[in-house]
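One structure is given below, encoded as structure tokens.
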2 protein chains.
Amino acid sequence: MHDPEAALRAHQLPITAQRLAVLREVSQQPHATADVIAEGVRQKIGSITRQSVYNVLNVLTEKGLIRRIQPADSAARYEDRVGDNHHHLVCRSCGHTEDVNCAVGHAPCLKAHSHHGFKIDEAEVIYWGLCPRCQKKRSA
Amino acid sequence: MHDPEAALRAHQLPITAQRLAVLREVSQQPHATADVIAEGVRQKIGSITRQSVYNVLNVLTEKGLIRRIQPADSAARYEDRVGDNHHHLVCRSCGHTEDVNCAVGHAPCLKAHSHHGFKIDEAEVIYWGLCPRCQKKRSA
DNA sequence: ATAAACTTTTTGACAATGTCAAAAATAAAT
DNA sequence: ATTTATTTTTGACATTGTCAAAAAGTTTAT
């Protein structure tokens, strides 16, 4: 995110210290959870309430400035890589998350044959496994 | 599930009224959440505690008798269709969930090129959209 | 610059979904 | 039948997130 201030303006969102800080934090720590973001922001601007973090994350998500992902057994995570069609690799043990470029192509990358009369708008893919660190821990 | 009792025995699980009832309920109401299952069980055997429902669902999931799915913005759901490689279609509006046969083939159905040193064991796919009912509601 | 109008942030309570630990009840094995 | 092991219940608690009203801040218009 090169210019958080411009990004907010582009979406007609009033500029506040909290919004700038949250936006920067999401950018610097992709896939962080709300409370990790809160901690990061506090170290930079002194303080922010839990509720404000949620407010900001929600409004940024609605406007499409950031993206929310919610893997099983984890609080929601946020990233600022939006607009493309990538997926995620999640560690079953520690929750560590990485991006994976789409194996197929454009969104929705998997055709679901318009099953059951549903109108499908997204195919979400999560690859589950063990990250390198946790593989080592197990074998130890 | 034709014979829940045999299924429990096959997995060396002591047979209890609660386990039989939960197993039957998951079978009859695929994709139900824990509290929906609890309600269903109560109508059949009179009473069961919230904790027992969780205990039973957890042990059945660990043993592979049932499968847990956890779509975003929903409590965990359970199904007794296990061992094959199918995915899910989830309604963004009401949470209604249906099975979708895998578009590709065998599990894990998508190769993730062993990215980033992860050891991948599953590719989970969720198709997001609107179910027929909710499509109608919107246009009304 | 200033004031008015609007939005955001804070504060504090609350809801939903799960888990933990110890006591009571039940099933299985001898 | 009795013992042993497991399960169920009971009640407290943790986490993640939301709701509503008051306080503080930002933007717009004068």
Side-chain angles (χ1 to χ4, degrees), chain A residues 4-23 25-26 31-42 44-63 65-66 68-78 94-95 97, chain B residues 4-23 25-26 31-42 44-63 65-66 68-78 94-95 97:
Chain A
E5 208 164 315
L8 290 175
R9 240 190 296 272
H11 289 266
Q12 280 129 20
L13 288 172
I15 288 150
T16 69
Q18 291 88 341
R19 283 181 177 161
L20 289 174
V22 167
L23 207 35
E25 201 62 32
V26 170
H31 311 131
T33 58
D35 71 300
V36 168
I37 291 163
E39 258 321 297
V41 167
R42 280 185 199 114
K44 272 140 202 161
I45 68 167
S47 81
I48 191 173
T49 60
R50 224 164 56 89
Q51 183 64 56
S52 288
V53 174
Y54 281 110
N55 287 348
V56 172
L57 290 172
N58 284 343
V59 74
L60 295 181
T61 302
E62 280 160 28
K63 296 283 184 178
L65 262 151
I66 62 176
R68 174 190 285 129
I69 55 182
Q70 294 176 256
D73 300 316
S74 161
R77 294 166 185 273
Y78 298 85
C94 70
T97 304
Chain B
E5 210 164 313
L8 290 175
R9 241 190 297 272
H11 290 265
Q12 281 127 20
L13 288 172
I15 288 151
T16 68
Q18 290 87 342
R19 283 181 177 161
L20 289 174
V22 167
L23 206 36
E25 201 62 31
V26 171
H31 312 129
T33 58
D35 71 298
V36 167
I37 291 163
E39 260 320 299
V41 168
R42 280 185 199 114
K44 273 140 202 160
I45 68 166
S47 81
I48 192 173
T49 60
R50 224 165 57 90
Q51 184 63 57
S52 288
V53 173
Y54 281 110
N55 287 348
V56 172
L57 290 172
N58 284 342
V59 76
L60 295 180
T61 302
E62 280 160 28
K63 296 282 184 177
L65 263 151
I66 61 175
R68 173 191 285 129
I69 54 180
Q70 295 177 254
D73 299 316
S74 160
R77 294 166 185 272
Y78 297 86
C94 69
T97 304

Using a heavy-atom distance cut-off of less than 4.0 Å, which residues of residues 48-59 of chain B contact DNA chain D?
B/I48, B/T49, B/Q51, B/S52, B/N55, B/V56

Where [X] and [Y] come nearest, the two heavy atoms and their spacing:
X     : Y     : answer
B/T97 : B/H31 : O-ND1, 3.1 Å
A/A72 : B/Q70 : CB-OE1, 3.4 Å
B/R50 : B/R42 : N-NH2, 4.0 Å
B/E25 : B/I37 : CG-O, 3.8 Å
B/A34 : B/Y78 : N-CE1, 4.5 Å

Stretch residues 13-21 of chain A: residues that reach within less than 4.0 Å of DNA chain C through a heavy atom
A/P14, A/T16, A/Q18, A/R19

Show, in sequence, the C-alpha distance, side-chain angles and deciding distance for A/I48 and A/V22, and conclude whether the side chain to side chain contact (heavy atoms under 4.5 Å, CB included) test is met.
CA-CA 10 Å; A/I48 191 173; A/V22 167; 4.1 Å; yes

Can you measure A/R42 atom CZ to C/dT9 atom C1' for me and round it to whole angstrom units?
13 Å

Rounded to the nearest angstrom, tell me the gap between atom CZ in B/R77 and atom P in C/dG18.
10 Å

Nearest-nucleotide check on DNA chain C, A/S47 vs B/R68; residue mapping nearer the 5' end is A/S47

B/E62 and B/N58: side chain donor to acceptor below 3.5 Å:
no

Looking at five pairs on each end of the helix from C/dA1-D/dT30 to C/dT30-D/dA1, what is the angle between the two axes, given to 10 degrees?
30°

Between A/D35 and A/V53, is there a side-chain heavy-atom distance shorter than 4.5 Å?
no

If you walk 5' to 3' along DNA chain D, what is the first nucleotide with an atom under 4.0 Å of a heavy atom in chain A, and what is the last?
D/dT16 to D/dT27

Pairing residues for B/T16 by the side-chain contact (heavy atoms from CB on, under 4.5 Å) criterion, not counting sequence neighbours:
B/Q18, B/R19

Run the side-chain contact (heavy atoms from CB on, under 4.5 Å) test against A/A75 and tell me which residues pass, sequence neighbours left out.
A/T33

Audit row: B/I45, B/L20, side chain to side chain contact (heavy atoms under 4.5 Å, CB included) steps and yes/no:
CA-CA 10 Å; B/I45 68 166; B/L20 289 174; over 6 Å; no

Please determine whether side chain to side chain contact (heavy atoms under 4.5 Å, CB included) holds for the pair A/L65 and A/L13, giving the CA-CA distance in whole Å, both sets of side-chain angles, and the decisive distance to 0.1 Å.
CA-CA 11 Å; A/L65 262 151; A/L13 288 172; 4.2 Å; yes

Stepwise side chain to side chain contact (heavy atoms under 4.5 Å, CB included) test for B/N55 and B/T49:
CA-CA 10 Å; B/N55 287 348; B/T49 60; over 6 Å; no

